[in-house]
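What follows is a set of notes on a single structure, which appears directly below.
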Amino acid sequence: MAFRSVRRVVSLVPSLTEAVAATEPGLLVGATDWCDHPAGLGVTRVGGTKNPDPARIAALAPDLVLANEEENRAPDLAALRAAGLEVLVTEVRTLGQAFAELERVLVAGCGLARPGWLADAEDAWRDVRAGEPPVRAVVPIWRRPWMVLGRDTFAGDVLARLGVVTAHAGHAERYPRVPIDELNACGARLAVLPDEPYRFTRDDGPEAFPGLPCALVSGRHLTWYGPSLAEAPTVLGAALRAAGH
C-alpha cells in the first residue's frame, strides 16, 4: 500500500538513509548522527538511532519517517506517531527480507521507481554458493562486555550464504552476552570481527582469540541493507579468504 505523496523523508536507519540517497537524494531532509553514507550528506541531524529528537523531526515536517524494529526504540516511534507523523517500520532478519523491505520502502513508501542498484544487489547474491562443509565461527559485535551474533540475525544469514555458520545461531537471544572464555571454548574454527558497531581492528580483537584465524570484515557490508549489498559478496568473501576460509 503506497503512502500519500512523499516529498520529505527523515531516516532513522543508516542503511535506509543510504538507500534513499542512492535513489532520490532530494527526498531526504533529516537523518541520524550515525548516517555517514553517502559521504557529505547535507541534511539536518536528528540525534542517534536510539535517541532521536522527536521535536526536531516533527519540525522538519516529513511526509514519511523511516525506521527499523531493531535499530529504533518503540517509545520513540510512538512519540513520532503521536505527533501525527507517518512512520514506516522495517524488519530485516534475512537477505530475502532485506530485498523485500527495500522495495517496500522505496517503491511503496517513497513512491519511487525500483532502483537499478537493487537489481544489481539481487544479481550479486543470486549466484553465491556457500562452500561445504560450512565453517563454524564466533562473531562478536561488541566487547566490554562481549556480545555476539545469536539467532535470527541479518548478518548471520549473510554469513551463512558465504559458508560461515555462527556458533551461537541456536542461542535463545539474538545478541547474547557471552564471556570470552566461553567464546574460546565454543568449538569455533574462525572468528569474524566486523568494524561496527564495535570497531574491531588488527590490534583490538584478534588477541582475544589466540590460535583462531580471524577475519576482519566491513561492518557496513555485513550488517547494512542498501546499495552496499551489491558489493558485499565480493568484499566479505575476500576478507574470509584472507583469513583462510
Side-chain angles (χ1 to χ4, degrees), residues 1-122 152-155 157 174-175 196-197 220 223-230:
M1 178 177 178
F3 289 85
R4 63 184 183 275
S5 180
V6 172
R7 294 293 180 268
R8 298 174 64 82
V9 172
V10 170
S11 172
L12 304 181
V13 185
S15 296
L16 298 180
T17 298
E18 184 180 21
V20 174
T23 308
E24 189 61 52
L27 289 184
L28 283 170
V29 296
T32 75
D33 301 337
W34 298 104
C35 294
D36 54 5
H37 282 77
L41 184 65
V43 299
T44 298
R45 300 298 174 162
V46 298
T49 57
K50 305 298 185 187
N51 58 346
D53 186 332
R56 191 181 304 174
I57 295 169
L60 292 172
D63 301 310
L64 184 63
V65 178
L66 302 178
N68 174 263
E69 52 90 27
E70 178 175 87
E71 295 198 48
N72 308 118
R73 301 184 311 153
D76 295 323
L77 304 184
L80 294 173
R81 292 191 176 101
L85 301 180
E86 194 82 59
V87 181
L88 189 162
V89 182
T90 59
E91 178 184 291
V92 177
R93 301 190 182 189
T94 67
L95 185 63
Q97 265 190 315
F99 292 139
E101 289 287 64
L102 284 166
E103 180 162 347
R104 183 167 75 99
V105 164
L106 298 171
V107 179
C110 296
L112 302 173
R114 197 174 194 273
W117 63 258
L118 184 52
D120 292 340
E122 289 175 322
D152 194 24
T153 67
F154 170 72
D157 187 53
R174 298 183 65 220
Y175 301 101
E196 63 173 78
R220 176 167 165 262
T223 64
W224 288 37
Y225 37 92
S228 58
L229 282 174

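- Salt bridge present: R114 and E103 bring a charged side-chain N and a carboxylate O closer than 4.0 Å.
- Residue R174 places its CZ atom among more than 12 non-hydrogen atoms of other residues, nucleotides or ligands, all under 6.0 Å distant.
- In this structure, L85 and V10 have side chains that are not in contact, with every pair of non-hydrogen atoms separated by 4.5 Å or more.
- The structure places CG of L80 at 4.5 Å from CD1 of I57, a figure rounded to the nearest 0.5 Å.
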- Query: Could you go step by step and tell me if Y225 and V105 meet the side-chain contact (heavy atoms from CB on, under 4.5 Å) rule?
  - Reply: CA-CA 12 Å; Y225 37 92; V105 164; over 6 Å; no
Evaluation steps, side-chain contact (heavy atoms from CB on, under 4.5 Å), between F154 and L95:
CA-CA 6 Å; F154 170 72; L95 185 63; 4.1 Å; yes
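- Side-chain contact check for P62 versus V9: every heavy-atom pair is 4.5 Å or farther apart.
- Between E101 and L16, every side-chain heavy-atom pair lies at or beyond the 4.5 Å cut-off.
- Taken to the nearest 0.5 Å, the CG atom of L66 stands 11.0 Å off from the CD atom of E86.
- Closest approach of S11 and T17 over heavy atoms only: OG-OG1, 2.7 Å.
- A distance of 8.5 Å separates OG1 in T94 from CG in D152, rounded to the nearest 0.5 Å.
- Put simply, the side chain of P14 reaches to within 4.5 Å of the side chain of E71, judged on heavy atoms.
- Side-chain atoms of T90 do not come within 3.5 Å of backbone N or O of E69 as any donor-acceptor pair.
- In plain terms, the two heavy atoms of L60 and R8 that are nearest each other are O-NH2, 2.7 Å.
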Steps toward side-chain contact (heavy atoms from CB on, under 4.5 Å) verdict (L12, L77) | CA-CA 10 Å; L12 304 181; L77 304 184; 4.2 Å; yes
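- Smallest separation of non-hydrogen atoms from R104 and V89: NH2-O, 2.8 Å.
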Please list every donor-acceptor pair under 3.5 Å in which a side-chain atom of residues 23-33 meets a protein atom from a residue at least two apart or in another chain.
unit_1: T23; atom_1: OG1; unit_2: A19; atom_2: O; d: 2.8
unit_1: T23; atom_1: OG1; unit_2: W117; atom_2: NE1; d: 2.9
unit_1: T32; atom_1: OG1; unit_2: W34; atom_2: N; d: 3.1
unit_1: T32; atom_1: OG1; unit_2: C35; atom_2: N; d: 3.4

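- When all heavy atoms are compared, the tightest approach of P54 to P52 is CD-O, 3.1 Å.
- Residue V13 forms a side-chain contact (heavy atoms from CB on, under 4.5 Å) with just one option from N72, V20, T49, and that option is N72.
- Taking each heavy atom of C110 and V6 in turn, the nearest pair found is O-CB, 4.0 Å.
- Closest approach of L229 to A121, counting heavy atoms only: CB-CB, 3.8 Å.
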